[in-house]
Amino acid sequence: MVSVTFPDGATRRYPAGIRGGEIARSISPSLAKRSVAMAIDGKLADLADPIERDADIEFIDRDNPRALELIRHDAAHVLAEAVQTLYPGTQVTIGPVIENGFYYDFYRGEPFTPEDFPAIEKKMAEIIAKDRPFAKEVWSRDAAKAWFEKRGEAFKVELVDAIPPDQEIKIYKQGEWLDLCRGPHMTSTGKIGAAFKLMKVAGAYWRGDSSKPMLQRIYATAFANQAQLDAYLHQLAEAERRDHRRLGREMDLFHFQEEGPGTVFWHSKGWTLFQTLIAYMRRRQQTERYVEVNTPQVLDRALWEMSGHWQTYRENMFTTMTEDERVFALKPMNCPGHIQIFKNGLKSYRDLPLKIAEFGIVHRYEPSGALHGIMRVRAFTQDDAHIFCTEDQIKEEALRINDLILSIYKDFGFEDIIIKMSTRPEKRVGSDDAWDKAEAALTRVLDELNARGFKAAVNPGEGAFYGPKLEYTLRDAIGREWQCGTTQVDFNMPGRLGAFYIGPDSEKKTPVMIHRAMFGSLERFIGILIEHFAGHLPLWLSPLQVMIATITQDVDEYALEVLAAARQAGLKAEADLGNEKITYKVREHSLTKIPVLLVVGKREAAERTVSLRRLGSNEQTTLPLEVALRDLAAEATPPDLKRLKADGMRGVPAEEPVLAPAAGVQNP
RNA sequence: GCCGGUUUAGCUCAGAUGGUAGAGCAACUGAUUUGUAAUCAGUAGGUCGCAGGUUCGAGUCCUGCAGCCGGCACCA
């Protein structure tokens, strides 16, 4: 007998080996009818699985959130059957559930196109309508291989071979069709329902390896009901509307053109935003005692050979040859340059840690397929720094960087940050002893982060060849993750390039170098900001903060007075005196995402007020000019300066905020 | 780089079967002086991504190349 405990705490005893479905039926026919799967001790399982030991059992119905992955996984099997029915000769490979749906990778000579989707979806609906039960069978390895070999399913044979010897070979049948699968599945295909949709086709390498064959991937999604599917599709459309490439054009921030693939033409407004970020970062770094430098863009090949870049990074480098046949390379990284500055003049242990920062423009010849707006470009500015220190100082410095990065992200409204530590890769340099120390130091940082409630994970083997790293990742509007900040501990390059300092014992010592970026790249960070705020940048970041719009030309003079006063208050302001209706001006400046519109007409001119309208809101507040400008100027103060001001004014009563906070700012 | 798609006016997009290019918005000019997301009228604007080829004739068909888009691989 086994003892089974239900979610309400009730316990019943059953003969060992009883199936979940039988237990459900013993409780009530309706429970048995609506259950599609169960969770044994919290782990999803087939309803038909036997219960061999005492366990907690929860029955899962279709509407249970945990059923969603089953719906999608079942739908993946149905997709595969539909494709093999419609396109005989197509080989199946794998079809996992992913964050917002699922995909299935096929091998077929002909590509699939979205025009094929209606037929496939129709066939899927037919298979679902037949409501065939999913039946699990355990096969012998040889039987499974023979079955797939006979059908020319070379990829499945490879998958069978890859299953560890101690694991069963599980086969799920749905009527005639079957697939190798670890499960679990719902009770039958009919449980999938009708809320599924094929999304797109794409190429994908077998096993994610670019040396292996290219497969045809069909992306799809499924939900428990149509309303949820519709909501998801709506969310996708919203995400597309905040795409930084579209907003960059609409807000007149930057453009690209064919002659410069992956290189940005920054327009005046985009460059203003860029410089606002640099000014902010410069202040934060100065407080942390970084020194800022600037190193050459183009350096002789010999230096890159010494640093190891020529050997390991050559295909990513832009090179140039001059008339006298000397070969130079555009810097793809700033580190060798910073080491030259470190080496210039004898350093003492008393100089450490020495923090050298640069807003360094680097060029990297990225694969053409990798380019993506300003998120992934071939020329970009890093907020780079290299901290030269001793091994003993690594932990404290890494923690300081961590705290600074998190504080900075918070100032921009990012508090949901993915932190990962990447450890020693197979291909690496340096002694295991040094790696142990570096990883231990970063692990202590990681432990500290976990203690503070961050979910920091480890990426084994993903570190740089010269040391382990911490990676800080932000998400864009449609959930894509972009690595921004990074802290890398390097025991290699200072030695390679001959950097040393004089220790307390008068001996030469090689410093450890911590590579570190916080924005990562200004380009990428700006792209993420645009999408995060959907173009509705906070006032302090807006390249144009205030637009003064007149109602009639009678008030031009007052409008110009308001403009001068706004600029006097430190606001980035323009005036629109155009001969247009106010509705036209409101629309115009809303579309270019100007955060504050100050409307002036005869009334305002007479009373010396302004009518203030926020981007994203249709409410208006009429305020005395001085009050409006004072409050806007306060709001436009960068967050770090605001803190300074607050510190300086401690003891002074806080002023009542007069302006409503910006409306229409959405977080993703 | 790989797989697929795509490229026509500043933007969004029409242009079956080959016969020499069109709309809306934007721009420009004029009228209108307007109270919170599009005032009206007129004007101008394109070697149809680039280079070859087929044809009496190519935006349309063929070949090559490039850019862009979606993935994959790579990555800040």
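Below, read A as the first sequence line, B as the second, and so on, with proteins coming before strands; counting in each chain starts at 1.
- Comparing A14(B) with G57(B), their P atoms are spaced 30 Å from each other, to the whole Å.
- At distances below 3.5 Å, not a single donor-acceptor pair connects side-chain atoms of K331(A) with backbone N or O atoms of P336(A).
- Using a 4.0 Å heavy-atom distance criterion, G485(A) is classed as making no nucleic acid contact.
- Note on L597(A): nothing from the nucleic acid sits closer than 4.0 angstrom, heavy atoms only.
- A salt bridge is defined here as a Lys NZ or Arg NE, NH1 or NH2 lying under 4.0 Å from an Asp or Glu carboxylate O, and D252(A) with K269(A) fails to meet this definition.
- The residue R376(A) sits close to a base: some heavy atom pair falls under 4.0 Å.
- With its glycosidic angle more than 90° from 0, A73(B) adopts the anti conformation.
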Pairwise N/O distances under 3.5 Å, protein to nucleotides 2-5 of chain B:
residue : atom : partner : partner atom : Å
C2(B)   : O4'  : Y205(A) : OH           : 3.2
C3(B)   : O2   : G203(A) : N            : 3.3

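- Using C1' as the reference atom, U17(B) and C75(B) are 48 Å apart when rounded to the nearest Å.
- The side-chain contact (heavy atoms from CB on, under 4.5 Å) test applied to A329(A) returns W304(A), W310(A), M317(A), T319(A), not counting sequence neighbours.
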Donor-acceptor pairs under 3.5 angstrom involving side-chain atoms of residues 551-558 of chain A: please list them, not counting sequence neighbours.
residue : atom : partner : partner atom : Å
T552(A) : OG1  : D554(A) : N            : 3.2
Y558(A) : OH   : T609(A) : N            : 3.1
Y558(A) : OH   : T609(A) : O            : 2.8

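- Across all strands shown, nothing is found opposite A9(B) as a Watson-Crick or G-U wobble partner with both distances under 3.5 Å.
- If you check G35(B), A37(B), C74(B) against the side chain of R613(A), the one that comes closest is A37(B).
- The partner of C74(B) cannot be assigned: no Watson-Crick or G-U wobble pair with both contacts below 3.5 Å exists in any strand.
- In this structure, A31(B) forms a base pair with U39(B), meeting either the Watson-Crick or the G-U wobble geometry with both donor-acceptor distances under 3.5 Å.
- Ring planes of H532(A) and F414(A): tilted class, angle from 30 to 60°.
- Listed by residue number, the members of residues 550-563 of chain A with any heavy atom below 4.0 angstrom from RNA chain B are I551(A), T552(A), Q553(A).
- Crowding of Y87(A) atom OH: a count of heavy atoms from other residues, nucleotides or ligands under 6.0 Å exceeding 12.
- Of the possible polar contacts, one joining the Q545(A) side chain to the L539(A) backbone as a donor-acceptor pair under 3.5 Å is found.
- Rounded to whole Å, the C1' atom of G5(B) lies 30 Å from the corresponding atom of G45(B).
- Across the protein-nucleic acid pair, Y365(A) atom OH and C75(B) atom C1' stand 15 Å apart, rounded to whole Å.
- With sequence neighbours left out, the salt bridge (Lys or Arg N to Asp or Glu O under 4.0 Å) criterion links K123(A) to E126(A).
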Review item, nucleotides 10-16 of chain B N/O atoms under 3.5 Å of protein N/O:
none

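- Residue-level contact check: V377(A) touches the bases, meaning some heavy atom is under 4.0 Å from a base atom.
- A76(B) and A37(B) have their P atoms separated by 46 Å, with the value rounded to a whole Å.
- C50(B) is paired with G64(B) under the Watson-Crick or G-U wobble criterion, all donor-acceptor distances under 3.5 Å.
- Considering only residues two or more places apart in sequence or on other chains, P425(A) meets the side-chain contact (heavy atoms from CB on, under 4.5 Å) condition with R428(A), W435(A).
- Y280(A) and F412(A) have their aromatic ring centers within a separation under 6.0 angstrom.
- Within 4.0 Å (heavy atoms only), Q620(A) reaches at least one base atom of the nucleic acid.
- Both C484(A) and R207(A) sit near RNA chain B, but only R207(A) has its closest nucleotide nearer the 5' end.
- Nearest to the side-chain atoms of S590(A) among the listed nucleotides G70(B), C74(B), A37(B) stands A37(B).
- You'll find that the side chain of Y219(A) is closest to C72(B), out of C72(B), C75(B), C74(B).
- By the 30° and 60° cut-offs, the orientation of the rings of W271(A) relative to W266(A) is tilted.
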Tabulate protein N/O versus nucleotide N/O from nucleotides 39-50 of chain B, keeping only pairs under 3.5 Å, one per line.
residue : atom : partner : partner atom : Å
U39(B)  : OP2  : T583(A) : OG1          : 3.4

Under 3.5 Å, side-chain donor or acceptor atoms of residues 196-209 of chain A against the rest of the protein: list the pairs with distances, not counting sequence neighbours.
residue : atom : partner : partner atom : Å
W206(A) : NE1  : E158(A) : OE1          : 3.2
W206(A) : NE1  : E158(A) : OE2          : 3.3
D209(A) : OD1  : S211(A) : N            : 2.8
D209(A) : OD1  : S211(A) : OG           : 2.8
D209(A) : OD2  : S211(A) : OG           : 3.4
D209(A) : OD2  : K212(A) : NZ           : 3.4

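- Counting to the nearest Å, the P atom of G35(B) and the NE2 atom of H589(A) are 16 Å from each other.
- Checking G70(B), G71(B), A76(B) against the side-chain heavy atoms of R245(A) singles out G70(B) as nearest.
- The phosphate of G71(B) (OP1 or OP2) has a side-chain N or O of K200(A) nearer than 4.0 angstrom.
- Remark: the backbone N or O of R378(A) is not paired with any side-chain donor or acceptor of R364(A) at under 3.5 angstrom.
- E604(A) comes within 4.0 angstrom of a nucleotide base, judged by non-hydrogen atoms across all strands.
- R613(A) pairs by the salt bridge (Lys or Arg N to Asp or Glu O under 4.0 Å) definition with nothing, not counting sequence neighbours.
- K585(A) comes within 4.0 angstrom of nothing in the nucleic acid, heavy atoms only.
- Side-chain N/O atoms of S521(A) and base N/O atoms of A76(B) include a donor-acceptor pair closer than 3.5 Å.
- When Watson-Crick and G-U wobble pairs are counted only if both distances are under 3.5 Å, G4(B) pairs with C69(B).
- With both ends at atom P, the span from A9(B) to G22(B) equals 14 Å, rounded to whole Å.
- Of the candidate nucleotides A73(B), C75(B), G67(B), C75(B) has the atom nearest to the side chain of R364(A).
- Base-pair partner of C56(B): G19(B) (Watson-Crick or G-U wobble, both distances under 3.5 Å).
- Spacing between U36(B) and G24(B) at atom C1', rounded to whole Å, works out to 25 Å.
- D384(A) is linked by a side-chain contact (heavy atoms from CB on, under 4.5 Å) to N334(A), Q382(A), H386(A), counting only residues two or more places apart in sequence or in another chain.
- As rounded to whole Å, 10 Å separates atom C1' of A76(B) from atom CG of D384(A).
- Checked against the 6.0 Å centroid criterion, the rings of Y104(A) and F106(A) qualify as a close aromatic pair.
- The partner of A44(B) is absent, by the rule that a Watson-Crick or G-U pair needs both atom distances under 3.5 Å.
- Residues passing the side-chain contact (heavy atoms from CB on, under 4.5 Å) test with D576(A) are M547(A), K585(A), H589(A), sequence neighbours excluded.
- With U36(B), C69(B), C75(B) as the candidates, the nucleotide lying closest to the side chain of S611(A) is U36(B).
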